[in-house]
**Q** 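The structure that follows is given in the form of structure tokens.
The figures here come from the full heavy-atom set of this structure, side chains too, leaving out hydrogens, waters and symmetry mates.
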Amino acid sequence: MADRTLQQILTQLRSNPGQPYAEASSLLSKAKIALLHLHAATPSPGASPSHLSLARDIYEQGALFAIRARNPDAFTRYVAQLQPFYELPPDSSGLAPSADRNRVTGLYLLLLLTQGRYAEFHSELETLGTREAGAGDIERDRFLGYPVKLERWLMEGSYDRVWKAMKSREVPSEEYGVFSEILTSQIRSEIASSSERAYPSLPLSSTKSLLFLDSEGAVVEFARQRGWAIRDGHIYFPSGASAAAAEGGGAEEAEDEKEISRMVIENTLGYARELETIV
């Protein structure tokens with residue numbers, strides 16, 4: 001009876017991924033009760049492979065619904081519940097491979113990235129490297145490779161490549177798009193900081209393209225939040241930004257940082273102008 005209930009719930013969740021989170025949560029709660037009756041809520045020696053497979057599939061659906069609902073805490077709890085299932089050796093457990101494991105794992109990597117939890121991000125990658133037999137396999141995977149590439153480009157300051165990836169078919173699935181808004185905000189903040197270090201001022205029109213904002217009015221609002229001054233069609237950055245960099249690391253290091261910041265700005269502006277030409 002519990003088996004049939006779980007199968008029906010799983011079918012409902014998979015066939016209607018857009019249903020309201022409250023409805024999905026109700027179904028997931030019923031599924032967890034059924035799993036407890038089967039003694040399959042966590043892997044145990046006496047649990048059958050079919051019951052363990054159902055439990056894992058239910059938790060994966062819970063994780064995906066949590067991300068669609070923009071509920072990172074619930075998503076993290078589901079990932080924690082999934083870990084013991086993912087750690088089961090496939091040969092001895094008799095568990096069939098999961099169709100959604102890499103999707104969920106890739107989303108978890110993306111969550112760690114957007115939360116700035118870089119140590120955990122790289123720790124998870126090391127674990128994956130052992131499982132996937134190398135970094136090359138990870139990058140070739142549609143779901144796992146996406147956050148790995150984004151992290152590398154963010155660290156390089158290649159924000160134009162991150163932006164391009166978020167706006168293209170490279171986004172592996174609908175759930176990954178949930179993080180685009182967070183990443184966009186982070187990129188704008190980084191580009192703004194690079195602009196302050198690299199230049200005393202920039203034309204208002206260039207700043208609009210640089211920050212991927214829709215209008216000059218949006219630039220004015222962003223400038224107000226950053227404490228930038230606007231005069232005669234130009235954005236003027238606080239003079240203290242460059243001075244603080246020079247004081248913090250010496251004149252030569254500050255000049256190197258300024259040059260890197262200029263390269264970041266030029267690359268991003270070049271991509272923004274390409275977009276405008278296409279449009």
Side-chain angles (χ1 to χ4, degrees), residues 60 63-64 66-68 70-80 82-83 86 98 100-195 197-198 210-212 256-257 259-272 274-275:
E60 285 175 339
L64 295 174
I67 280 295
R68 293 185 199 114
R70 290 167 169 75
N71 189 333
D73 292 337
F75 173 74
T76 302
R77 287 194 294 272
Y78 278 112
V79 169
L82 281 164
Q83 288 310 313
Y86 289 163
S98 163
D100 287 316
R101 178 175 181 172
N102 285 0
R103 181 195 297 252
V104 171
T105 303
L107 285 166
Y108 183 58
L109 285 170
L110 203 47
L111 177 68
L112 295 175
L113 184 61
T114 56
Q115 292 181 340
R117 295 157 62 187
Y118 302 116
E120 292 171 76
F121 180 93
H122 287 284
S123 176
E124 187 72 21
L125 270 188
E126 284 180 23
T127 304
L128 281 174
T130 304
R131 189 190 100 205
E132 299 290 330
D137 288 342
I138 294 173
E139 288 213 26
R140 281 191 290 271
D141 183 87
R142 182 184 176 200
F143 297 110
L144 301 177
Y146 183 74
V148 170
K149 291 172 186 174
L150 291 189
E151 190 268 347
R152 183 169 65 244
W153 293 333
L154 285 169
M155 294 303 103
E156 292 172 353
S158 302
Y159 304 125
D160 54 316
R161 300 185 75 176
V162 177
W163 191 271
K164 190 183 294 186
M166 291 193 302
K167 298 296 179 182
S168 71
R169 293 179 182 176
E170 288 184 47
V171 180
S173 70
E174 169 204 347
E175 296 85 12
Y176 283 72
V178 169
F179 293 97
S180 295
E181 186 177 336
I182 302 168
L183 285 171
T184 297
S185 178
Q186 289 179 346
I187 290 168
R188 283 197 181 115
S189 180
E190 290 294 332
I191 291 173
S193 297
S194 294
S195 302
R197 288 191 295 267
L210 187 63
L211 297 172
F212 299 101
D256 289 343
E257 189 174 337
E259 185 58 34
I260 292 169
S261 296
R262 281 179 180 153
M263 289 172 62
V264 167
I265 298 304
E266 287 169 9
N267 287 341
T268 309
L269 263 179
Y271 173 62
E274 280 180 30
L275 277 184

**Q** For a quick test of reading the model, state the closest non-hydrogen atom pair linking V162 to W153 and the distance between them.
**A** CG2-CB, 3.5 Å
**Q** Would you say L64 and F75 make side-chain contact, with heavy atoms under 4.5 Å?
**A** no
**Q** With the side chain counted from C-beta on, respond yes when R103 and Y176 share a heavy-atom pair under 4.5 Å apart, and no when they do not.
**A** yes
**Q** Around E181, counting heavy atoms of other residues, nucleotides and ligands shown, do more than 12 lie under 6.0 Å from its CD?
**A** no
**Q** Would you give the length of the straight line joining atom CG of L111 to atom CD1 of I182, rounded to the nearest 0.5 angstrom?
**A** 7.5 Å
**Q** Quick one: closest heavy-atom pair of Y86 and D100, and the distance?
**A** OH-O, 4.5 Å
**Q** With rounding to the nearest 0.5 angstrom, report the OH to CG distance, Y118 to L112.
**A** 11.0 Å
**Q** Measuring from atom OH of Y108 to atom CD of Q83, what distance do you get when rounded to the nearest 0.5 angstrom?
**A** 7.5 Å
**Q** I'd like to know whether L82 forms a side-chain contact (heavy atoms from CB on, under 4.5 Å) with R101, so could you lay out the CA-CA distance, the side-chain angles of the two residues, the decisive distance to 0.1 Å, and finally the verdict.
**A** CA-CA 9 Å; L82 281 164; R101 178 175 181 172; over 6 Å; no
**Q** Are E151 and L109 close enough that some pair of their side-chain heavy atoms sits under 4.5 Å apart?
**A** no
**Q** Using every non-hydrogen atom in the two residues, find where F143 and P172 come nearest and quote the distance to one decimal.
**A** CD2-CB, 3.5 Å
**Q** Would you name the heavy atoms of V171 and R142 that are closest together and state the gap between them?
**A** O-NH2, 4.4 Å
**Q** Return the CG to OG distance between L150 and S180, rounded to the nearest 0.5 Å.
**A** 8.5 Å
**Q** When you measure from the side chain of S123 to the backbone of A119, do you find a donor-acceptor pair of N or O atoms at a distance under 3.5 Å?
**A** no
**Q** For the residue pair F179 and L107, establish whether any side-chain heavy-atom pair is separated by less than 4.5 Å.
**A** yes
**Q** Supply the atom-to-atom distance L183 CG to L110 CG, rounded to the nearest 0.5 angstrom.
**A** 6.0 Å
**Q** Atom CD1 in I67, atom OH in Y78: separation rounded to 0.5 Å?
**A** 12.5 Å
**Q** Between S189 and S185 (side chain of the first, backbone of the second, donor and acceptor by atom type, cut-off under 3.5 Å), is there such a pair?
**A** no
**Q** For P147 versus G106, what's the shortest heavy-atom pair and its separation?
**A** CG-O, 3.6 Å
**Q** Quick check: do R161 and K149 have side-chain heavy atoms less than 4.5 Å from each other?
**A** no
**Q** Does L154 reach the side chain of E190, with side-chain heavy atoms less than 4.5 Å apart?
**A** no
**Q** Quick check: do T184 and W163 have side-chain heavy atoms less than 4.5 Å from each other?
**A** yes
**Q** L211 and R188: which non-hydrogen atoms are nearest, and at how many Å?
**A** O-NE, 2.6 Å
